[in-house]
Amino acid sequence: MKAKKGTKLVMMGNEAIARGALEAGVWVAVGYPGTPSSEVIMTLQEYKADMYAEWAINEKVALEIAFGASIGGARSLVTMKGPGLNIASDPLLSAAYSGVNGGMIILVADDPGPITTQTEQDSRWYGPLAKLPMISPSNPQEAKDFTIIGITMSEEFELPVILRTTTRVNHAVGDVIAGEIIEPKKFKSFSRDPERFVRAGMSWNLARHKWLNNRLRDLEKSTKYPLNSIEGEGKKCIVTEGVAYQYVKEALSSEKNAFKIIKLGLLYPFPIPFLSESLKGCEEIYVVEELDPFIETLLRANTDALNINAKIFGKLNGGLPLEGELSPEIIGSFLSIKRKDVVWRAEEIQVPQRPPPLCPGCPHRNSYLAILAGISKAGFNRKEVPIFGDIGCYALSVYPPLNAIWTEHSMGASISMAVGLKIAGFEKPVIATIGDSTFFHTGIPPLIEAVNKKVDMLIVILDNSVVAMTGHQATPAWIETETGRRTKEVKIEDVVRGIGADEVRIVDPYRIDEMTKTVAELLKKKGVNIIIARAPCAIYEMRKRGRPGYYIVLEDLCTGCLACIRATGCPALYTTEEGKVKIMEDDCYGCGLCAKYCPEEAIVSGEKVAKKD
Amino acid sequence: MQKKINILISSVGGQGGLSLSRMIAEASAIKGYRITTGEILGMAQRFGSVLSFVRIGINEEVYSPIFSKGEADYLLCLELFECVRSLSYLKFGGWVITSTEVKPPISASLEGKKQVEKVPSYLEAIRKHSEGNLISIEPKLVKEVVGTLRAINATVLGAFIMLSGVFDDDAALEGIRKVLKSERAIEISKKAYNLGKSIAEKAMPIHADNKS
Ligand code: SF4
Ligand code: SF4
């Protein structure tokens, strides 16, 4: 990150965006962790640049912070994954009417595949929806360059600019030429200007809408920014953007190309002047894009303005799939390119699948076991007490052997969906399980709702004191952030007590019997009752302080009943050829959970055995 | 020389497969090659399947960060099951370097499948698929010589360099240095790297014998 101008660096797309922010003089960088966007803020934090680079409580707050900085003239960057922009969409749309002073970039990272996201949301539609400029890089170098261009463009047109990426750009590594890092642009001035910054139902909103449309029209015509490009010539034309462009290039690299490639870096406003010029003479237009037919739809809607009557091929007439990632292979056959015959053989033997499990020693495993045992202990059948889940590692409790959560929907939805089911007339108890960071993110308003409407439920807050799933980021409960900034810790127990929860208990999930009792007790009580199951994320703890120990199976004692595996599903356990169980010593965290379930007492602490020998 | 090299790294989350792909990328850049990788990362949890695509262009551009089945010149595996799972990516005549370590997925144990210690039969399947183009690395040996399995990715890197000669030791070691943070980790990885080279050196002539 410290490299001088002109140095060739190897960077991940997200690192390149971070570098771009430094070269663009960004002063405020803020976001909420979400794969595949998280490494941008993480890189800036690691670099310890002289700037504000911190996580915010959620995407809406993050976007408003960046916007607040920009109306004061500072340059800002806000990062999030696709669904995060849904949460931030309220300030997004208003920001377009108000406009900014300091350049502002909104990074939204989509996830075709989807590889780590709940939906294959195509956030490009936010360009026309919010009426904001949207740019799309196709590799790490462009990710950096477009960040810088975006900031300049944002300042010239006084509009936030959306930098839209996909996993294959965010997480691709490639070479990047470093530019100059400049002094960050901080606060300049802020004065009262209600027509710009007071939105709610004001008469001047119509005028601001006109202002916005004029800005977009000017930008559409601007040729100042090197975002769009043309390669080759011919009557067969390809219109593409993002990583799909790289796939196109790859697909065409094996033959002399007879295609003209039109690459869009500016997705919105739809660059009509550029396109009508570059599509001149095209008889066939192939639109190659991932996810929705976004460009294709705009192209078809604008054939008059573009003055084209070429045949258009894309997703709307079935040429390319509407779901999943593209690849050079898929594009090759779409363009009817003869590729070098790639023959491949399927592997002859099948190996078992490997769905991601909860980590060895993960406290969530204990929490869910206690919840399930608590349901039985309270005299209920597990099939009659729904466990609402939320977004985080603990969603993995859906898999066997826990088979715990019934739902996992959107951030914070566990509590609100439980409220809904109760209101609908569900009479048995309900349990909502939610992680600490998800609770801070969007779990607080639903809790207020539950308390205020007196909806009986048990809420278990799985507090591992970190945003674990996205790579271990800070939560508001930390007293110091990743950059060393001293913060005031916000305690979950204070929050829930302040809201008025009826019973609040803090338990250690590793003391599973105690937690089971607490679950059984509170499940039978009326009111909104909360258990805070508090124990640090095992992986994070191991990195910071090492593991508490490790366990081994005494082979002679093990009868192969598999009780340990069936109860815990801990991935450090496995069955041997003889049908007995062993523990992968290096992977065991030493929580001792499996030992509890062994009727033969065959699982013992490795250190204790070593000491005896 | 003008060519493209496709490498697929197949591992289990937490084993260092992503670091290996980054080491190769850093080393390639030092040599002035074009480089692109496509990886699936971001989930902090471990023990899932992880695939990293690495593409090197020597005096040639590489565009796509991923490639398709049948296109890998080299398949580098840190775990045996994952290696078998990824075999279809191997090109005809491509090489496989694999650690014979097995991390049995818990889901399979749950179903009561006794699938461990089938190492020989899995290895045989890989050998057959790659028509003998196989270098296998015993985790036991690595643990003996290096003291830990944490640097097994550097062992695979060493074997890969010995086999392919894509870049030299200096570049490889610089690649390791750029990815790892602590001096201690770098020292351990160097040891692991050298071990990988000697394993490959021994494996290569045997392979030639097999062919004849
Ligand atoms: S003690 Fe048992 S349950 Fe805990 S991490 Fe080790 S093997 Fe897994
Ligand atoms: S519970 Fe005990 S006896 Fe049963 S398989 Fe596990 S270690 Fe062996």
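Keep in mind it's a predicted model, so treat the numbers as computed, not measured. Here is the naming used below: chain letters follow the sequence lines, and residue numbers restart at 1 for every chain.
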Where on C570(A) is there a heavy atom nearer than 4.5 Å to chain B: the side chain, the backbone, both, or neither?
backbone

Salt bridge check: are R543(A) and E541(A) linked by an N-O gap of less than 4.0 Å?
no

Among V173(A), V10(A), N139(A), which has the most heavy-atom pairs under 4.5 Å with chain B?
V173(A)

Between K140(B) and E144(B), does any side-chain N to carboxylate O distance fall below 4.0 Å?
no

From the list M584(A), Q246(A), K8(A), the residue making the most non-hydrogen contacts under 4.5 Å with chain B is Q246(A)

Looking at K4(B) and E250(A), is there a salt bridge between them, counting it only when a charged N and a carboxylate O are closer than 4.0 Å?
yes

Are F53(B) and F67(B) near enough that their ring centres are under 6.0 Å apart?
yes

For L326(A), is it the side chain, the backbone, both, or neither that has a heavy atom closer than 4.5 Å to a heavy atom of chain B?
backbone

Taking the six-membered ring of F167(B) as reference, does the cationic atom of K31(B) (NZ for Lys, CZ for Arg) lie under 6.0 Å from its centre and within 45° of its axis?
no

Structural part of R34(B) lying under 4.5 Å from a heavy atom of chain A
both

It should be assessed whether the SG atoms of C83(B) and C77(B) lie less than 2.5 angstrom apart.
yes

In terms of heavy-atom pairs under 4.5 Å, which option from E82(B), R150(B), K128(B) contacts chain A the most?
E82(B)

Look at K263(A) together with E142(A) and state whether they make a salt bridge at an N to O cut-off of under 4.0 Å.
yes

Flag the one option from G34(A), A538(A), A572(A), P360(A) with the top tally of heavy-atom pairs under 4.5 Å to chain B.
P360(A)

Just by distance, with hydrogens left out, do E79(B) and S11(B) show a side-chain donor and acceptor under 3.5 Å apart?
no

So which residue, P571(A), G174(A), A172(A), ends up with the most heavy-atom pairs under 4.5 Å with chain B?
P571(A)

Under a 4.5 Å heavy-atom cut-off, does chain B meet the side chain of D586(A), its backbone, both or neither?
side chain

Answer with side chain, backbone, both or neither: which region of Q350(A) has an atom nearer than 4.5 Å to a non-hydrogen atom of chain B?
backbone

Counting only heavy atoms closer than 4.5 Å, note whether T36(B) contacts chain A via side chain, backbone, both or neither.
both

Need one label for V54(B): side chain, backbone, both or neither, based on atoms under 4.5 Å from any heavy atom in chain A.
neither

